[in-house]
Amino acid sequence: MTPQTILVCVAWPYANTPLHAGQIAGAYLPADIFARYHRMRGNRVLMVSGSDAHGTPITVRAEAEGTTPQAVFERNHASFVDTFARFGISFDLFTSTATVNHARVAQDMFTRLIEAGHIYTAEQTLLFDAKVGRFLPDRYVEGVCPRCGYDGARGDQCDNCGSTLDALELLQPRSKLSDATPEPRVSEHFFLRLSAFNEQLRTWVEAQTHWRPAVRNFTLGLLREGLHDRAITRDLDWGVPVPVPGFEGKRIYVWFEAVIGYLSASMEWAERAGDPEAWRAFWEAPDARAYYFQGKDNVPFHTTIWPAILMGYGGLNLPYDVPANQYVTMSGAKASSSRNWAVWMPDYLDRHDVDPLRYMLAAVMPETSDADFTWAEYVRRNNDELVATWGNLVHRVLTLTRRHFEACVPAPEGAPAPASTAMLARVDAAFVEAGRHIEAVQLRAALQTAFAVAQEANRYLDERAPWTAVRTDRAHAAETLATAIDVIAGLASLLRPFLPESCERAWRLVGQADAIESAGWTRRHVEAGTPLPEPAPLFTKLDDTLVEEEESRLGQSS
RNA sequence: GGCAGGGUAGCUCAGUGGUAGAGCAGGGGACUCAUAAGCCCUUGGUCGGCGGUUCAAAUCCGCCCCCUGCUACCA
């Protein structure tokens with residue numbers, strides 16, 4: 001089979017707070033599992049993302065802290081890089097939108113879209129906060145709702161009556177940044193002619209029948225209503241400068257500029273790899289596929305705006321799939337930075353192992369609906385599933401083999417038992433089935449497929465009872481244990497996209513010295529006579545007191 | 001309000017026309033290699049509500065209720 005070319009694009013985290021487990025489950029973990037699988041298959045994979053350095057919330061946060069946007073960005077970017085490294089998110093490049101390269105690529109795209117007539121200028125009346133000297137996004141204006149009189153409506157919407165508002169309509173408006181009364185000012189901005197792409201997008205999306213229903217239907221809904229042209233520049237000083245004379249004080253707006261990061265990061269990767277043209281294989285080859293992993297809040301940007309930009313620019317591949325996840329809630333409530341309602345990744349990684357969380361998040365991955373994270377469920381899944389089903393399988397087989405067969409893989413005599421042949425066939429079938437699930441980005445199902453094999457292997461062992469057979473029929477026990485070791489080697493590969501660290505250890509425990517991925521996406525046969533090291537448990541059983549300790553951290557001000 | 005997704009066993013969820021499923025929790029049992037793990041059996045559900053189509057509906061249609069998200073200048 002000829003290798004496929006797979007571009008794995010992952011949402012650009014906003015560099016104003018550290019990452020929490022919900023973001024990991026929404027985009028980074030599924031992307032990583034998907035990329036690791038395709039690499040094991042021998043496919044050509046490029047997985048990129050980076051920190052989104054720009055945008056008003058970063059400047060607001062910098063002011064609140066008495067520091068600079070640059071400092072806020074740098075601190076959180078360093079935190080992201082550290083989290084991904086420790087959590088095993090295997091980016092080929094994790095960069096940022098603060099690079100010279102990114103600014104150049106974004107400006108080039110901006111310029112080319114102007115030349116092609118897809119971007120035009122128009123005047124806009126916006127609210128301006130004279131006290132902080134800044135134009136205000138609608139969300140940063142509060143006031144009295146003109147519909148219901150509620151005092152506390154935001155510039156975009158009234159939470160009391162649900163009306164969609166225009167910030168200019170608010171009575172007694174006040175700036176959330178300074179409490180000043182904002183004043184309307186006229187400013188000239190660039191607009192992306194999204195409306196012109198509406199029908200082209202609709203035809204395209206209708207053909208994407210492999211997309212998740214939530215993503216496709218939602219997008220078709222947007223297109224049915226009709227896209228509006230959007231302003232893509234802002235009166236800010238933090239961001240990528242508008243590359244047009246007379247607009248020196250303005251910046252390209254983040255959502256237009258950040259999605260271009262997928263392309264600029266691919267180019268940066270190619271440059272660093274010493275082959276500056278290497279990105280083209282992922283972006284220009286007709287059979288290359290691009291997958292965009294992210295949370296549901298980012299769907300419109302990846303199914304309408306970014307494709308429209310690509311259509312306008314020309315010559316680059318549109319997304320093949322946008323497997324957006326729903327949200328992971330924390331003990332029933334939406335994750336929130338301000339209320340400290342989240343599992344913060346740097347904290348988690350300081351206190352716990354990586355794979356139990358990767359397992360938990362993959363097992364409840366919110367592929368079709370929101371999923372809930374509780375520490376009780378985390379402990380249960382660790383103890384009942386990782387430790388008891390998979391870890392114990394490895395441990396019982398290896399301790400038994402070590403004790404009775406001189407710490408080497410036993411040599412079976414004669415033809416294998418039908419039950420053993422069936423067991424190995426089950427493992428082989430699981431590679432096909434799990435692979436099919438992963439390629440369809442149904443990762444929960446793929447993990448279940450692998451775990452069903454571990455359960456089956458425990459059943460197989462109980463039926464064959466090698467601990468009894470070893471006293472009466474040594475050849476029978478030898479054959480069973482040799483088979484079980486092959487099953488473990490297979491499971492180590494099957495589970496490795498999900499649990500890279502512990503699968504690496506399992507691989508060593510069955511006497512393998514090479515890299516686990518060199519076996520590819522197949523079961524490796526472990527040769528008779530292979531020496532086995534002293535077995536050590538793959539996972540640690542957790543105490544229930546952990547639940548209380550961790551839950552007490554939720555909602556506390558840190 | 002509009003749009004989208006979801007509402008199935010105590011919990012977490014699978015199941016898109018043909019006699020309701022899995023894991024965990026609860027109950028019982030045989031075993032003993034293993035981190036008292038694993039294995040077998042079992043209790044448990046008017047599939048959100050009402051109506052309709054059909055020989056047959058968790059599944060298709062209509063209305064309603066509840067949860068989540070989006071609603072375009074937060075990204």
Side-chain angles (χ1 to χ4, degrees), chain A residues 11-14 16 52 54-58 60 124 126-127 135-141 154-157 161-164 166-167 189 194 212-222 224-232 234 253-255 258-259 294-301 304-305 324 326-327 329 332 334 363-364 366 368-372 374 376-377 380-381 383-385 387-389 391-404 444-445 448 451-452 454-455 457-463 465-470 477 480-481 484 535-541:
Chain A
W12 288 57
Y14 208 47
N16 62 342
D52 186 344
H54 303 133
T56 311
I58 287 183
V60 170
Q124 238 190 339
L126 295 165
L127 289 175
F135 281 93
L136 297 168
D138 285 354
R139 287 262 173 124
Y140 285 87
V141 185
R154 295 193 313 262
D156 56 340
Q157 183 173 27
C161 67
S163 304
T164 302
D166 186 309
H189 283 290
L194 273 175
R212 291 181 180 173
V215 174
R216 184 161 174 271
N217 290 341
F218 176 71
T219 306
L220 286 173
L222 295 177
R224 221 176 293 122
E225 285 176 40
L227 300 179
H228 304 316
D229 296 350
R230 285 180 68 150
I232 54 166
R234 291 288 182 280
Y253 186 41
V254 274
W255 65 249
V259 287
Q294 75 237 256
K296 60 179 162 183
D297 51 337
N298 274 325
V299 168
F301 298 92
T304 61
I305 294 163
Q326 310 294 303
Y327 285 154
T329 53
K334 192 183 170 186
V364 303
T368 52
S369 59
D370 290 350
D372 194 38
T374 61
E377 181 74 356
R380 187 196 71 70
R381 285 197 183 266
N383 291 353
D384 295 348
E385 297 177 11
V387 172
T389 302
N392 185 53
L393 170 70
V394 175
H395 203 58
R396 68 197 298 212
V397 167
L398 295 181
T399 51
L400 203 55
T401 306
R402 194 172 169 86
R403 184 173 318 139
H404 296 291
R444 270 190 316 191
Q448 277 166 17
F451 257 73
Q455 287 185 319
N458 277 315
R459 236 170 267 137
Y460 165 81
L461 275 183
D462 265 66
E463 280 162 21
W467 47 89
T468 306
V470 77
T480 301
L481 291 172
L538 282 183
F539 307 102
T540 308
K541 200 162 175 177

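Numbers restart at 1 for each chain; the letters A, B, ... are given by sequence-line order, proteins then strands.
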Inset, instruction - To the nearest Å, give me how far apart CG (A:N298) and C1' (B:G69) are. - result: 13 Å

Legend entry - Rounded distance in Å - CD1 (A:I58) to C1' (B:C74): 12 Å

Inset, instruction - Taking the side chain as every heavy atom from C-beta outward, state whether A:V364 and A:D372 have any atom pair closer than 4.5 Å. - result: no

Legend entry - Base-pairing assignment for B:C33 (Watson-Crick or G-U wobble, both under 3.5 Å): none

Inset, instruction - Taking atom P in both B:G45 and B:C11, compute the distance separating them and give it to the nearest angstrom. - result: 13 Å

Legend entry - side-chain hydrogen bond (donor to acceptor under 3.5 Å, both in side chains) partners for A:R216, two or more places apart: none

Inset, instruction - Hey, which sits more toward the 5' end of RNA chain B by its nearest nucleotide, A:E377 or A:D52? - result: A:E377

Legend entry - Inter-nucleotide C1' distance (B:A9, B:C33), Å rounded: 34 Å

Inset, instruction - Output all residues satisfying side-chain hydrogen bond (donor to acceptor under 3.5 Å, both in side chains) with A:R444, sequence neighbours left out; order by chain, then residue number. - result: none

Legend entry - Residues that A:Y14 engages under ring-ring contact (aromatic ring centres under 6.0 Å, His included), provided they are two or more places apart: none

Inset, instruction - Write down the distance between CD1 (A:I305) and P (B:C70), rounded to a whole number of angstrom. - result: 15 Å

Inset, instruction - Please report, rounded to the nearest Å, how far the C1' atom of B:C74 is from the CZ atom of A:F301. - result: 9 Å

Inset, instruction - May I ask you to evaluate whether A:R380 reaches the phosphate of B:C11, defined as a side-chain N or O under 4.0 Å from OP1 or OP2? - result: no

Inset, instruction - State whether the side chain of A:D52 and the backbone N or O of A:P13 hold a donor-acceptor pair below 3.5 Å, judged by distance alone. - result: no

Legend entry - Spacing of A:Q448 atom CD relative to B:A14 atom C1', expressed in whole Å: 7 Å

Legend entry - Atom-pair distance (CD1 on A:I232; C1' on B:A72), nearest Å: 15 Å

Inset, instruction - Give one of base, sugar-phosphate or nothing for A:A371, where a contact means two heavy atoms less than 4.0 Å apart. - result: sugar-phosphate

Inset, instruction - Rounded to whole angstrom, note down the C1' distance from B:C74 over to B:U59. - result: 39 Å

Legend entry - Any donor-acceptor pair under 3.5 Å from A:D370 side chain to A:Y327 backbone: yes

Inset, instruction - Check every strand shown and say whether A:L126 touches a base, only sugar-phosphate, or nothing at a heavy-atom separation below 4.0 Å. - result: base

Inset, instruction - Could you tell me whether A:G226 contacts a base, only the sugar-phosphate backbone, or nothing, with contacts defined as non-hydrogen atoms closer than 4.0 Å? - result: base

Legend entry - A:R403: partners by salt bridge (charged side-chain N to carboxylate O under 4.0 Å, His left out), with sequence neighbours left out: none

Inset, instruction - Decide yes or no for A:H395 and A:L538: does some side-chain heavy atom of the first lie under 4.5 Å from some side-chain heavy atom of the second? - result: no

Inset, instruction - Kindly indicate whether the side chain of A:I232, heavy atoms from C-beta on, has any atom under 4.5 Å from the side chain of A:W255. - result: yes

Distances for protein N/O vs nucleotides 4-9 of chain B N/O pairs under 3.5 angstrom?
{"unit_1": "B:G5", "atom_1": "OP1", "unit_2": "A:N217", "atom_2": "ND2", "d": "2.6"}
{"unit_1": "B:G5", "atom_1": "O2'", "unit_2": "A:T368", "atom_2": "O", "d": "2.8"}

Inset, instruction - Under 4.0 Å between any heavy atoms, over every strand shown, what does A:L227 touch: base, sugar-phosphate, or nothing? Just pick one. - result: base

Inset, instruction - Rounded to the nearest angstrom, tell me the gap between atom NE2 in A:H228 and atom C1' in B:A72. - result: 7 Å

Legend entry - Whole-angstrom distance between B:G52 and B:C67, as gauged at atom P: 28 Å

Legend entry - B:C60 - base-pair partner by Watson-Crick or wobble geometry, distances under 3.5 Å: B:G52

Legend entry - Nucleotide nearest A:R444 (side chain, heavy atoms from C-beta), chosen from B:U12, B:C13, B:U68: B:C13

Inset, instruction - Please figure out whether A:Y14 or A:T329 has its closest RNA chain B nucleotide nearer the 5' end. - result: A:T329

Inset, instruction - Provide the distance between the two P atoms, one in B:U16 and one in B:G51, to the nearest whole Å. - result: 26 Å

Inset, instruction - Scan A:E463 against the nucleic acid and name what it touches under 4.0 Å (heavy atoms): base, sugar-phosphate only, or nothing. - result: nothing

Legend entry - Listed partners of A:D384 passing salt bridge (charged side-chain N to carboxylate O under 4.0 Å, His left out), at least two apart: A:R380

Inset, instruction - Using whole Å, report how far CZ of A:R381 lies from P of B:A25. - result: 12 Å

Inset, instruction - Could you list the residues that satisfy side-chain hydrogen bond (donor to acceptor under 3.5 Å, both in side chains) with A:T219, not counting sequence neighbours? - result: A:T303

Inset, instruction - Scan A:F451 against the nucleic acid and name what it touches under 4.0 Å (heavy atoms): base, sugar-phosphate only, or nothing. - result: nothing

Inset, instruction - Provide the distance between the two P atoms, one in B:C40 and one in B:C13, to the nearest whole Å. - result: 25 Å

Inset, instruction - Please measure how far the C1' atom in B:A14 lies from the corresponding atom in B:C24, and state the result in whole Å. - result: 15 Å

Inset, instruction - Both distances under 3.5 Å, Watson-Crick or G-U wobble: report the partner of B:G1, or none. - result: B:U71

Legend entry - Non-neighbouring partners of A:D462 that pass salt bridge (charged side-chain N to carboxylate O under 4.0 Å, His left out), sequence neighbours left out: A:R396

Legend entry - Nucleotide-resolved protein contact map, nucleotides 32-43 of chain B, B/S/- at heavy-atom distance under 4.0 Å: SBBB-SBSS---

Inset, instruction - Write down the distance separating the P atoms in B:A36 and B:G69, rounded off to the nearest Å. - result: 42 Å

